[in-house]
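For reference, the structure is listed below as structure tokens.
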Protein chains: 2
Amino acid sequence: MQMTPMIESFVYHFGEMGSRWGFNRTVGQIYALLVISEQPLCANEIGELLGISRGNVSMGLKELGSWQLVQVSHKPGERREFYHSRGSIWDMANRVFEERRKREMDPTLSLLRDIMMDEAANPEEAFAQKRIAEIHDLLENITEWTQSLQSLSPEKLNTLMKLGSGVGKVLEFTDKFLGKKDPAKQA
Amino acid sequence: MQMTPMIESFVYHFGEMGSRWGFNRTVGQIYALLVISEQPLCANEIGELLGISRGNVSMGLKELGSWQLVQVSHKPGERREFYHSRGSIWDMANRVFEERRKREMDPTLSLLRDIMMDEAANPEEAFAQKRIAEIHDLLENITEWTQSLQSLSPEKLNTLMKLGSGVGKVLEFTDKFLGKKDPAKQA
DNA sequence: CTGAACTTTCAGAAATTTCTGAAGTAATAA
DNA sequence: TTATTACTTCAGAAATTTCTGAAAGTTCAG
């Protein structure tokens, strides 16, 4: 594996972006490398390619492991470990969504739920609770929906994506065809 | 406005979460306050409630302004400005999505597109380009899709959300009814 | 058991981000 | 015009995050 300008710009940009998706720059860069390398890489090689310390590589790989984004393999006769990205692009996106949901949405929902259970001590708190309930419902909706989308087959998901705002038309159509029936009950 | 334990826990948690959504802790806290306060708040009050400096409040409000998440108002006879969160919960979520798309997805897509245009200098780069194209297509799909969802009316969006994985059934059904026609073309 | 090859851990260093508060700007009333 | 009140900016301080590299841990062949 060699750091050509093309690969470099991808890796660096992915590093910046990675930090938006819940992990730091280095972790993003390591992941980018593993994704675009056909051959699995060993920790030393990763460190050299990115110009970072061996310890940092180890921590980065550990983090990626906790996201279930890397696969470890061995070459016969070699003691060291080789790393590679795991699954298809879709799988990766799914993992990142899933993991972020667990780390961010779930704790928030739980906190909001707790607050909703409390008795409001004054009108200000009562108003706050109303707003908090709205936020809770929105987040819960989004969470449940994305979860159910994740359970769809990749083909269906693709159809859905390609539909775009056409989804609106399909809904109308379904609505009309089913007459009285509420499409929400179809789930 | 008073900082009761309920309000405090909401504000602090929102602060932590906020940083995941593209702004820092203080900005998240300020926003949380503005969302759950029925009355608009002035900058001084915000600073006191959160125990942060006046300058920091100013910067935070500026940031929220750039996200179009706050509304400024005035009280008759008062010189100072009062701030309040803007729009419904749905609007807020939309703004955050929109803004993040502009700041994160668009530059990434543009970079990936550039890389795809380059001539691969060797087999390694050729492989990298294939992967990059996959990622590009995925991101583009997601971007376009979420954009078209945002253009749906809140009611339709709600129906869609409530459908959950029932979306799969609707698709099947549409598929069957339309016979040969590819639903992807319906958009 | 020993030593070589490799990985992990973690205390402190370095880099980055965020925050403060004083100085500057702006608007208004008297 | 001057005094007053409020908002903004930004250099440097403080806090936080990330990274390094040495030490400790692990595995395995001989």
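Letters go in sequence order (proteins before strands), and every chain restarts at 1.
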Whether A:Ser37 side chain and A:Leu34 backbone form a donor-acceptor pair below 3.5 Å
no
Does either side chain, that of B:Ser73 or that of B:His84, offer a donor lying less than 3.5 Å from an acceptor on the other one?
no
Spell out, as yes or no, whether a donor-acceptor pair under 3.5 Å connects the side chain of B:Ser110 to the backbone of B:Asp106.
no
Rounding to a whole Å, what distance do you find between A:Glu48:CD and D:dT20:P?
13 Å
Dot-bracket for DNA chain D, 5' to 3', with Watson-Crick and G-U pairs under 3.5 Å, [ ] for crossing pairs and | for other-strand pairs: what is it?
||||||||||||||||||||||||||||||
Check ion pair A:Arg101-A:Glu98 (N to O, under 4.0 angstrom):
yes
With the criterion being N/O to N/O and under 3.5 Å, what pairs connect the protein with nucleotides 25-30 of chain C, and how long is each?
unit_1, atom_1, unit_2, atom_2, d
C:dA27, N3, B:Arg79, NH1, 3.1

Exam field: side chain B:Asp114 to backbone B:Leu111, donor-acceptor pair closer than 3.5 Å
no
Between atom CZ in A:Arg80 and atom P in D:dA29, what is the gap in whole Å?
16 Å
Indicate yes or no: does A:Arg103 engage A:Glu99 in a salt bridge with an N to O separation below 4.0 Å.
yes
Separation of D:dC7 atom C1' from B:Glu45 atom CD, nearest Å, is 17 Å
Please produce a list of atom pairs where a protein N or O lies less than 3.5 Å from an N or O of nucleotides 9-18 of chain C.
unit_1, atom_1, unit_2, atom_2, d
C:dT9, OP2, A:Lys62, NZ, 3.4

Could you tell me the separation between the CD1 atom of A:Ile46 and the P atom of C:dC6, rounded to a whole number of Å?
14 Å
On the 0 to 90° scale, with breaks at 30° and 60°, tag the B:Tyr31-B:Phe14 ring pair as parallel, tilted or perpendicular.
tilted
Without swapping roles, check the side chain of B:Arg95 against the backbone of B:Gln68 for a donor-acceptor pair under 3.5 Å.
yes
Over how many whole Å does the gap from A:His74 atom NE2 to D:dT26 atom P extend?
16 Å
Could you check whether B:Glu38 pairs with A:Arg131 (Lys NZ or Arg NE/NH1/NH2 to Asp/Glu carboxylate O, under 4.0 Å)?
no
With no hydrogens and no angle check, is any side-chain donor or acceptor of B:Glu124 less than 3.5 Å from a backbone partner on A:Gln2?
yes
If I take atom CG in residue A:Asn44 and atom P in nucleotide D:dG21, what distance separates them, rounded to the nearest angstrom?
14 Å
Separation of atom CZ in B:Phe82 from atom P in D:dT5, rounded to whole Å
15 Å
Can a donor-acceptor pair be found, under 3.5 Å and without considering hydrogens, that links the side chain of A:Gln129 to the backbone of A:Asp118?
yes
Spacing of A:Glu78 atom CD relative to C:dA4 atom C1', expressed in whole Å
14 Å
